[in-house]
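Before any comments, here is the structure.
As the structure lists them, so they are numbered: ligands from 1, and atoms in each ligand from 1. In this text, all values refer to a predicted model and were calculated from it rather than measured experimentally. Along the sequence shown, the residues carry numbers beginning at 1.
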Amino acid sequence: MSEKLIAKIPEGSLNEKWTRHKAAIRVVSPANKRKLDIIVVGTGLGGASAAASLGELGYSVKVFCIGDSPRRAHSIAAQGGINAAKNYPNDNDSVHRLFYDTIKGGDYRSREANVYRLAEVSNLIIDQCVAQGVPFARNYGGLLDNRSFGGAQVSRTFYARGQTGQQLLLGAYAALNRAIAKNQVTSYPRREMLELVVINGEAKGIIARNLVTGEIERHSAHAVVIATGGYGNVFFLSTNAMNSNGSALWQCYKKGAFFGNPCFVQIHPTCIPVHDDQQSKLTLMSESLRNDARIWVPKKKEDVEKLRKKQIKASQIPEEARDYFLERRYPAFGNLVPRDVASRAVKERCDAGFGVNETGLAVFLDFSTAIKRLGKQVIEERYGNLFQMYEKIVDVNPYEEPMMIYPAIHYAMGGLWVDYNLMTTISGLYAIGEANFSDHGGNRLGASALMQGLADGYFILPYTIGDYLAGKIQEKKVDVNHPAFEEAEKAVKEKTAKLFAVKGAQPADYFHRQLGKIMWNYVGMARNETGLKKAVEAIRALRKEFWNNVFVPGENGEFNQELEKAMRVADFFELGELMALDALNRQESCGGHFREEMQTEDGETKRDDEKYMHVSAWEYKGDSEPELHKEPLNYEFVKLATRNYKD
Ligand SMILES: Cc1cc2nc3c(=O)[nH]c(=O)nc-3n(C[C@H](O)[C@H](O)[C@H](O)COP(=O)(O)OP(=O)(O)OC[C@H]3O[C@@H](n4cnc5c(N)ncnc54)[C@H](O)[C@@H]3O)c2cc1C
C-alpha cells in the first residue's frame, strides 16, 4: 500500500466495523457546530442529502450548484429505483446478500468494509425517505413494492414509477429547504466551482463563478465536500445531464487529491441508439424494463436484412426465429444480468451482424410476452412514462413493436479516491456520491447509485466529518484575503483569459464531439493496447488543436455558456487522457473495463487478481506523467471467484 493511501478501515468483523468506528470517532458539540463552516458543492442526491443533514446538525453550511435551483441536479433523471435490503418480498434478501451481490457485481474490485456499510445503512435510507413523504410504489398489502434489477436474484429495488430520482430528490430538497429556511444552510445556485483553495495541506475553500453575472467569488470553510456527480460526459454522448462534468474533480486532483480508478466507467445496455451525427444527448431506457422485457435479435441474417430494409416488422418474426441471447447465454439471471455483461453481449451480437436497425447497432427490448401474460394495463402502470418517452423520441409505439436499444455511457465508478471516512488525500476535502471512486468496483449494479449517494449524504458523512471538525473548533474562519485565495482566483482568471485569447474558429462543442469519438472508439466498451495508445496520442493532438483553434465568444463578466463549456472541455481532455492511461495500465478485464487481450473463450472478463487486485489511485505531477499509487484490496469475508451468471 502506498504511504499516501491510508484507507482507515476499522478492525473487527464486517458487521461490527461501522458500529465500532462510529463509537470511536469524535463528535462536535452543538454549540461548536455553529462555529464551523462547511462548503458542499453539488445538490444532487449526494450533495442535497449531505447539506440538509449537516445543516440540521447545526453546522453552518454553504451549498453550491450550477442549476437555478438545487433540485435541478442530474439525480432528478434517475428512473428505475433504489436498492435496500429490507426483504419485504420475503425472498431471502439480507444485508449480507446485498453486500455480496455488490462485491460480485463490481467484479471484486471494491472495498469489502465500505460495501458492507453501504448495505447496512440501505434500510435506513428507505425509512428516511418514506418519512419525508417520498411516494414509493406499494403492493396490494400496503408494504412498499419491490422490483428486480440486474445482478440480483431477489427483488430489492424500491421505486416511484419511472421517476425514482425525481421523487427522492424532491424529498432531499424539502429537507434542504427546511435547513435553508432555518438559516442553517445558505444556498448559492447558478455558481460553478472553478478552483479548490488549499492552505497548509487542508481544504479551506473554493473559487466560484456566478454564472449569471460572471463575477468571481471566494468562499472559505473549515471543510469542503465535493458532490458534483460523475464524468461520463467526457464521451460527449452519454445518458448524463448536459451540465454533468468532471471539472471540480479535476481541480481537486490538480491540487493533490488522488483520482481513483479513472478508467472504470459504466456502459448501460438499454439506451435509445444514436441516430445521427448532430445528436448531443442519449436517452436511457431504465434497467427496470428488463424485469418484464426480453432482449433478442433474429436468428437468421435474412430477417435482419428485411428489418433493416423495413420490409418486415419485428412482431412478424415468429418466436422460433428469435434469439433471446441473454437467456441463452446466462440461464440463471437471463435478461437481468449486470450491465457490463449485458452490454458486451449486445455488442457481440451486433458485431456478428445481427443488429436490427440501419446502422446495425441495435437489438430489441420486447414486452410482448409480458403484455400477453399480464395485460397492457399492468405494463402501463409499471412503465407508462418510459413508454411515452420512447414513443415521443422514436415515434414507435412500444406496446405494439419492441423498443430498439444499444449500450451507451452512463455512470462513472471512478472518481476521487476516498478513505473509509469519505475524505480524499487532501485533509478536510471530502467526496461523496458519484464523485468519489465509490463502492462499485469495476461495475455498478443498477439502483445502487442512489443508494450510495444517499448513504453518503444522510448516514455516513454527517458522522465522519465530525471526527475531522472536532479538531477545528478553535480555528477561526479562514479569511478570503489569504494569499491562497488570491492565487486560486488568479489561476481562474488566467485560464479564462487564455481561452478568450485563442480567438479560433471552432466552438468548444466541436472539440468535445471529437474527443467523445476518440473515447468511445478506444476507451469505450472494448479496449486494447494499440487502441489505448492511439487514444492517448489522439487526445493530446486534439487538445493542442483546441488551445489553438477554440472560439469563445462574449466576455468573462457576463452570462456566457460558451465559456462554461470551453472550461469543462479543457478539463475533459486531461481527464480523458488519464482514463486512457489508467486503462492501459490495468492489463486485465474486470467489470466494465474490458481489455480485449484478456477474455475467456466465451468472451467474458478475465481478471488478474495477482497483479491487479487493487485500487489505482493517480497523483497529479504537473507536466510529468501522473504517479500511480496502489491500494491493495483484501477479501477476508468473500471468497474470490470468477463471476458466474449462468447457473
Ligand atoms: C438517465 C439516468 C437514470 C438513472 N437511474 C438510476 C436509477 O434508477 N437508480 C440509481 O441508483 N441510479 C441511477 N442513475 C445514476 C444516478 O442518477 C447518479 O449516479 C446519481 O444521481 C448521482 O448523484 P450525485 O448527487 O452524485 O450527482 P448529481 O445528481 O450529478 O449532481 C451533481 C451536482 O453537482 C453540481 N455541480 C457539478 N459541477 C459543479 C461545479 N463545478 N460547481 C458547482 N456545482 C457543480 C450540479 O449542479 C449538481 O447539483 C441514473 C443515471 C442516469 C443518467
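When hydrogens are left out, the protein atom nearest atom 41 (N) of ligand 1 is M193 O, 3.3 Å; that is the closest non-hydrogen contact. Ranking the protein heavy atoms by distance from atom 26 (O) of ligand 1 puts E434 N, 2.9 Å first. For atom 8 (O) of ligand 1, the closest non-hydrogen atom of the protein is G80 N, 2.7 Å.
A side-chain donor from one of D145 and Y159 sits under 3.5 Å from a side-chain acceptor of the other.
Between L54 and L461, the closest side-chain pair of non-hydrogen atoms falls below 4.5 Å.
Both the backbone and the side chain of I66 come within 4.0 Å of ligand 1, judged by heavy-atom distances.
Under the ring pair (Phe, Tyr, Trp, His ring centres under 6.0 Å) criterion, the residue pairs touching residues 226-245 are Y231-F259, F236-H512, with sequence neighbours excluded.
Nearest to atom 50 (C) of ligand 1 by heavy atom, out of H410, Q79, R72, is H410. Counting only non-hydrogen atoms, the option in A431, G230, A241, A73 that gets closest to atom 48 (C) of ligand 1 is A73. Of the listed residues (G81, G457, A50), the one carrying the non-hydrogen atom nearest atom 9 (N) of ligand 1 is G81. When the options T228, T239, L282 are ranked by their closest heavy atom to atom 37 (C) of ligand 1, first place goes to T228. The option from T164, L450, D456 that lies nearest to atom 10 (C) of ligand 1, judged by heavy atoms, is L450.
When each of I267, V274, L237 is tested with W520 by the rule side chain to side chain contact (heavy atoms under 4.5 Å, CB included), just one qualifies, namely I267.
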